[in-house]
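Report on the structure given below.
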Protein chains: 2
Amino acid sequence: MIEQNEKPAPTCSGKHTKEECAKGLQALEDTFYVIGGKWKLKIINALRIGGSSRFNQLQQTVTGISARILSKELKELELNGFIKRNVYTETPVVVTYEITPYSNTLGPVLSTLIEWGTTHRNKIKNDYKELTTSKD
Amino acid sequence: MIEQNEKPAPTCSGKHTKEECAKGLQALEDTFYVIGGKWKLKIINALRIGGSSRFNQLQQTVTGISARILSKELKELELNGFIKRNVYTETPVVVTYEITPYSNTLGPVLSTLIEWGTTHRNKIKNDYKELTTSKD
DNA sequence: CTGAATCCGCAAGGATACTG
DNA sequence: CAGTATCCTTGCGGATTCAG
C-alpha cells in the first residue's frame, strides 16, 4: 500500500541463486510430504517428551485430535519409520506407540520450530501490549 | 503388525512432562498458524535466497503456485510482517517483494527444515537402492 | 481399549478468464 | 505486469457408529 518512485531493486538472479532456491524448494517439499500436515509433528513431539504412550493417552495429550485422524496419522508415521507400534496380547489388549531412533533426527527441527513459535508468541503479546498502552 | 507379550512400557507421565508437552503443542500450533500451509515457507525461502523479486518472477521461482494463491499468501505474509511490498509508479508499474528483518528470525527454522529434507531424501534414495540391489 | 467404517462439511488450493 | 474474480475439485478432518 506504500508507493515509491525510486528505481526497482536489482533482483539478483544468478544461476547459482536459482539452483540453490530450487534445491531449497525441493527439500521443503520433501519435508512437508512426510511430516507436514496439522498433526504429525505434534504427535512425534508428544511421544518424544511423554515417552511410550497408548492410543487414548495420546489422544488426550495431542489436544483436539480425533480418533480417526490419530489412527491414520499413526499408521503413516509407522510406515515412514518414525514410530513403532507395540501390541501386548494381554487381556484386554494393550497397544503402545514409541518413537524410533529415526524420529530423533527430527530433534533439531522440533526444537527450532518450538523455539520460534514461543518467541513469536511473545513478540505478538508485546506488540499487542504496545498497542493498548499506545502513546506514540 | 508385530505382536509381543512382554509387559507394557511404564508410560512416564509426570506433571512436568505434561506441561512441557502442552507448551510444545502450543508453540507448534502458533508456528503453523503463521508459517504453516503449503507455500509460505517456500516463498520466504525464495525471497531470502533470490532477494527482492517481482510478482511474476516469484511465481516462476516458487514452482507450481498459482497467481491467486501467490497473491493471497503474499498479502498474509505482509500482514504478519514477514515481507515488504514496494510499488514503483513508473510506467509500467513495478512491484517488488522483499523479506523484512523479522523474516530472518526464521533462518534457523528454514535451515533445519531444508537440511532435514535433504538428508531424508538421501536416506530414501539409499533405502530404495538397497531394495533394488537386494542381496541380503 | 483400540481402533475401523461411514458420512459429511469446510477450506485450501487449482484453472481459467478478465482488469487496470 | 500485477494482480482479481469466478468456479470447481480435492483432501483434511470432525462426528458418529460399530467391531474385535
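Protein chains get the first letters and strands the later ones, always in sequence-line order, with residue 1 at the start of each. The model shown is predicted, which means the values in this text are computed figures rather than measured ones.
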Phosphate oxygens OP1/OP2 of [N]: is one of them under 4.0 Å from a side-chain N or O of [X]?
| X | N | result |
| --- | --- | --- |
| A/Arg54 | C/dC1 | no |
| A/Lys75 | C/dA4 | yes |
| B/Tyr97 | D/dG3 | yes |

If the threshold is 4.0 Å, N to carboxylate O, is there a salt bridge linking A/Arg85 and A/Glu98?
no

Tell me whether B/Lys40 is salt-bridged to B/Glu73, with the criterion being a basic N under 4.0 Å from an acidic carboxylate O.
yes

Look at the side chain of B/Ser53 and the backbone N and O of B/Gly51, then say whether any donor-acceptor pair between them is shorter than 3.5 Å.
yes

Calculate the interatomic distance between [X] atom [atom1] and [N] atom [atom2]; express it in whole Å.
| X | N | atom1 | atom2 | value |
| --- | --- | --- | --- | --- |
| B/Lys40 | C/dA12 | NZ | C1' | 10 Å |
| B/Leu74 | C/dG13 | CG | P | 13 Å |
| A/Arg68 | C/dC8 | CZ | P | 13 Å |
| B/Lys38 | D/dC12 | NZ | P | 10 Å |
| A/Lys42 | D/dC12 | NZ | P | 15 Å |
| A/Ile69 | D/dA15 | CD1 | P | 11 Å |
| B/Ile43 | D/dA2 | CD1 | P | 15 Å |
| B/Glu78 | D/dA2 | CD | P | 15 Å |

If you assign A/Pro92 and A/Lys72 each to the DNA chain C nucleotide with the nearest heavy atom, which residue ends up on the more 5' nucleotide?
A/Pro92

Mind checking A/Gly64 for me? I need base, sugar-phosphate or nothing, with any heavy atom below 4.0 Å counting as a touch.
sugar-phosphate

Nearest to the side chain of [X] - [options]?
| X | options | value |
| --- | --- | --- |
| B/Trp39 | C/dT2, D/dG3, C/dG13 | C/dG13 |
| A/Ser71 | C/dA4, C/dC1, C/dA15 | C/dA4 |
| B/Phe55 | C/dC1, D/dT4, D/dA2 | D/dA2 |

Taking the side chain as everything from C-beta on, heavy atoms only, tell me whether B/Val95 gets closer than 4.5 Å to B/Tyr88.
no

Output the distance between atom OG1 (B/Thr100) and atom NZ (B/Lys84), rounded to the nearest 0.5 Å.
10.0 Å

